[in-house]
Every structure is written in C-alpha cells, then in structure tokens.
Protein chains: 2
Amino acid sequence: MTKSENVLSGEAEKKIIEAATIVFVEKGRTGASMQDIADEAGINRTLLNYYFRSKDKLFTTVFDKVIMSLLLEAIEVLNSDKDILVKFDSFIDVYINGLLKNPHIPVFILNELTGRPDHMIRLFKSSGLRISNFHKEIQEAMDEGRIIHMETSQLIINFISMIIFPFAAKPIVSGMILSEQEVEFDEFMKDRIPSLKKYFLKSITP
Amino acid sequence: MTKSENVLSGEAEKKIIEAATIVFVEKGRTGASMQDIADEAGINRTLLNYYFRSKDKLFTTVFDKVIMSLLLEAIEVLNSDKDILVKFDSFIDVYINGLLKNPHIPVFILNELTGRPDHMIRLFKSSGLRISNFHKEIQEAMDEGRIIHMETSQLIINFISMIIFPFAAKPIVSGMILSEQEVEFDEFMKDRIPSLKKYFLKSITP
DNA sequence: GTCTATATTAGGATAGAC
DNA sequence: GTCTATCCTAATATAGAC
C-alpha cells in the first residue's frame, strides 16, 4: 500500500464531493472554479477531471445530492401518520433547524434552479414525493372544518415561503431588519420556530 | 451629424444599462459575459469598456439601479399617510404586480446579495427607507389591539416572505405545486393578490 | 465614439510520465 | 491514482486606427 493509494475505493470521490458541495453552495455554479474545489479538497486540480469527467458532471452530482437530501426530509414528514396540523409543526422544526446548519442552501438552489427546471422536475418525480397527498390532507382538514377554506396551493406556498425565505434573504434580514435591534440571525431564527408555529396555526384555524 | 453619433449624450450609456440589466438579471454576475451584454445591446463589445471601465463597474451600476427602484417603491408606500392595514394591502399590490413584469429579480438580488452585504446596507441607508417607522406603526396597531401581539420583526418577515418567495421559487411553484392542476404561474400570482390580502389580514387580526 | 487588432489571463480539459 | 506539462477556449481589457 503506497502513500498515494486511498484506503477505500471511493474515499477520494467522497472527499471531492464534500469539497465541491461547500464551494458550489457558496459561490454558485458559474462563480466556483475547479481550482477552488481542488484547493478546498486539498488535491490536484486535474484529479477532479479524473474522478468526474467535467465540471458540469461534478456540479450535477452535488446539486442532485443537495436537492435529494431536502426532499427526503420532506418525505419523511409527509409519510408519517401524524395529523396534518402536527406535520406543519414538524416541517417548521426540521427545515429551520436543518437550514440553520447550512444557511445558504436556499439561495444556492433557487439560483441554480432557474436554468434547469426540467432537471428539477425529473429529480422531484424520482424522489417519490407525492405533493398531491399533501394537497389532499389539507383539503380534508378543510372539509372537516378544522382549517379555513382557501386554495390549497396558496396555503402551501404561504407556509413554505415563511420557512425558506428568511434564509434566502439572510443578509437583508440581518442587515436591514434586525440590525437596529442588535439581534443575531441565528437567535432570530431560533425564536422563529415557536413564533411561526403559533402564527401559522392561527392563520389557518377557523 | 455622422451616423456614428448618438443623438443625446448618454443615450448609448442608457441602452447599455438596459441591456446589461436584462442579461445580468437573467444570468447573474458570473454567468453573464460582456459579449452577452454587447449582443443584447446590439453594439461592439469594446464599447462596454469605453462607457464603463470594467464588468464590475457595469454590474454595480445595474445592481444599484435595480435595488433602488425596489426600495423607492417601498418608500412610497411607507411614506403615505394610509393606515398600516391599508399599507399592507398596497405592498401586496405593488410588489406582486411589479414582479410579475420582472419575475427573476428576486433570485438575482438574493443571489448577488450574499457576497456584498456591506454594499447592500450602504445602499439601504442611502435610500432613506426608515424600517423603524414600519416597526413603530405595527407596534402601535398592536398596542391599540387592532393587530395581535407578536414580535414585529417576525411579522414583517412573514409578510415579505409570502410576497417575494413565490417569485424566487417560480420553477418549484410551477413545476411541483401547480403542474398537476395545470395552472399557469402568472394566473396563480394574480389570484394570489386577493388571497394573500385576506389570509394575511386574518392572520394578524385578533 | 466606434471599430479592429491584440494582449493577457483564467479556466476547463486531456496526454503522458510515474 | 496522482502528478506535470500542455492545449484550447473564452473572457476581460487595452491600444490604436479611423
């Protein structure tokens, strides 16, 4: 076993993907260079081409991985047998706490999404997430009178918006809205978990 | 007056800024090339360097202009003497209708913001927008019992999120949430105006 | 002010030695 | 698998003719 061998096959590949994720998420597809990624991984630049044929292929690998991990979290909550109102709370917990650990993922995704809507839809379908079930559960709760009547799509967008947007707009939130009160972003988002649960529940309860 | 003269000084400059805005907003700072912008403007590429010294300077010009136009719209609503509840409705009208004409402005801003939070804050301060007045008006309405009590920052973020996020996530909204119902994005956002007004009012009313 | 020509660099990708 | 050397292209930027 020479010094240049990796202990496990795929270890270098894994290291590259980790480094590429950090760099792509921070700088975006066009803003990141292969050199940036090689530096982050601490390897020679040409090795990136050895393991992944091109920058595009490496990017797609990273992008798919990031999207999938988010979708899987959604599926886990949706597929549970909890009541729809409990699921709302779970989404708030899971995504706010998760994004606090990777706050620029929303901007990364929103930005790279624009150019490849088709690819996104394919990923989405292959994930097995059934958004129609979500619509249906909400609709049932409306029919039972537990939630006010409104277009389910509008309700879903309202809900997702309030979870994701603060992360996407983190510089605005920090610099423009919180700065005068000297509140830290992370603290604000921690407070936001119970605040949003309460607010959203009130907003949809008859 | 030869064929190569512009009628008004600054006309070429204006044409360049318009073209640059289109290209930068669509492709982002790193994704757009000077050639793209020259093509869009129908001029020679080197002219861009003649009028603006560098790509960076051209970008900053565009970025500042876009941000400022958005801030000015906010100021106009905020500075009116309408009741705070009416101002909420005005924001929804102004921004949803405005962004329907330029739907990828949110992604553009959110993306380019990350790298330059300081610059953003300077712009924000120089615009004269006083967010503290907004906080104050909301707080007063709370004290009068017209709005439920909650952290004003959280309320403001909730509000802004529901207006802006659907545009930032347009491919997701179109492809994942609306596709099964065969609803067009623009139609959805038009419906959203009254929907959001009603929803938000209910959410903050005691 | 507008063009052509050119300088310069950065970035992506491959070939080939080890 | 990993490195060095090299190729190629695209992109920014400037000089200089008109």
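Heavy atoms only: backbone and side chains are in, while hydrogens, waters and symmetry mates are out.
The distance from atom CD of A:Glu11 to atom C1' of D:dT2 is 15 Å, rounded to the nearest whole Å. The separation between A:Phe52 atom CZ and D:dG1 atom C1' is 14 Å, rounded to whole Å. In this structure, CD of A:Glu13 is placed 15 Å from C1' of D:dT2, rounded to the nearest angstrom. Rounded to whole angstrom, the span from the OH atom of A:Tyr51 across to the C1' atom of D:dC3 amounts to 13 Å. If you measure from atom CZ of A:Phe59 to atom P of C:dG11, you get 17 Å, rounded to the nearest angstrom.
Scanning for ring pair (Phe, Tyr, Trp, His ring centres under 6.0 Å) contacts around A:Phe200 gives A:Phe88, A:Phe159, with sequence neighbours left out. In terms of the salt bridge (Lys or Arg N to Asp or Glu O under 4.0 Å) criterion, B:Glu40 has no residue partners (sequence neighbours excluded). Taking A:Asp36 as the reference, A:Lys27, A:Ser33 meet the side chain to side chain donor-acceptor pair (under 3.5 Å) condition, with sequence neighbours excluded. Every residue was checked against the ring pair (Phe, Tyr, Trp, His ring centres under 6.0 Å) condition with A:Phe52, not counting sequence neighbours, and none meets it.
Interface residues of residues 17-28 of chain A facing DNA chain C, ordered by number: none; criterion, heavy-atom separation under 4.0 Å.
For the side-chain hydrogen bond (donor to acceptor under 3.5 Å, both in side chains) condition, the pairs that include at least one residue of residues 191-200 of chain B, sequence neighbours left out, are A:Gln154-B:Arg192, A:Asn158-B:Arg192, A:Ser203-B:Tyr199, B:Asp93-B:Lys197. Residue pairs satisfying the side-chain hydrogen bond (donor to acceptor under 3.5 Å, both in side chains) criterion with at least one member in residues 97-114 of chain B, sequence neighbours excluded, are listed as follows: A:Asn111-B:Asn111, B:Asn97-B:Lys190. Listed by first then second residue, pairs satisfying side-chain hydrogen bond (donor to acceptor under 3.5 Å, both in side chains) with a partner in residues 57-78 of chain B read B:Thr21-B:Lys65, B:Asp64-B:His119, not counting sequence neighbours.
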Nucleotide-resolved protein contact map, nucleotides 4-18 of chain D, B/S/- at heavy-atom distance under 4.0 Å
BB------BBB----

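Between the side chain of A:Lys55 and the backbone N or O of A:Ala32, at least one donor-acceptor pair lies under 3.5 Å.
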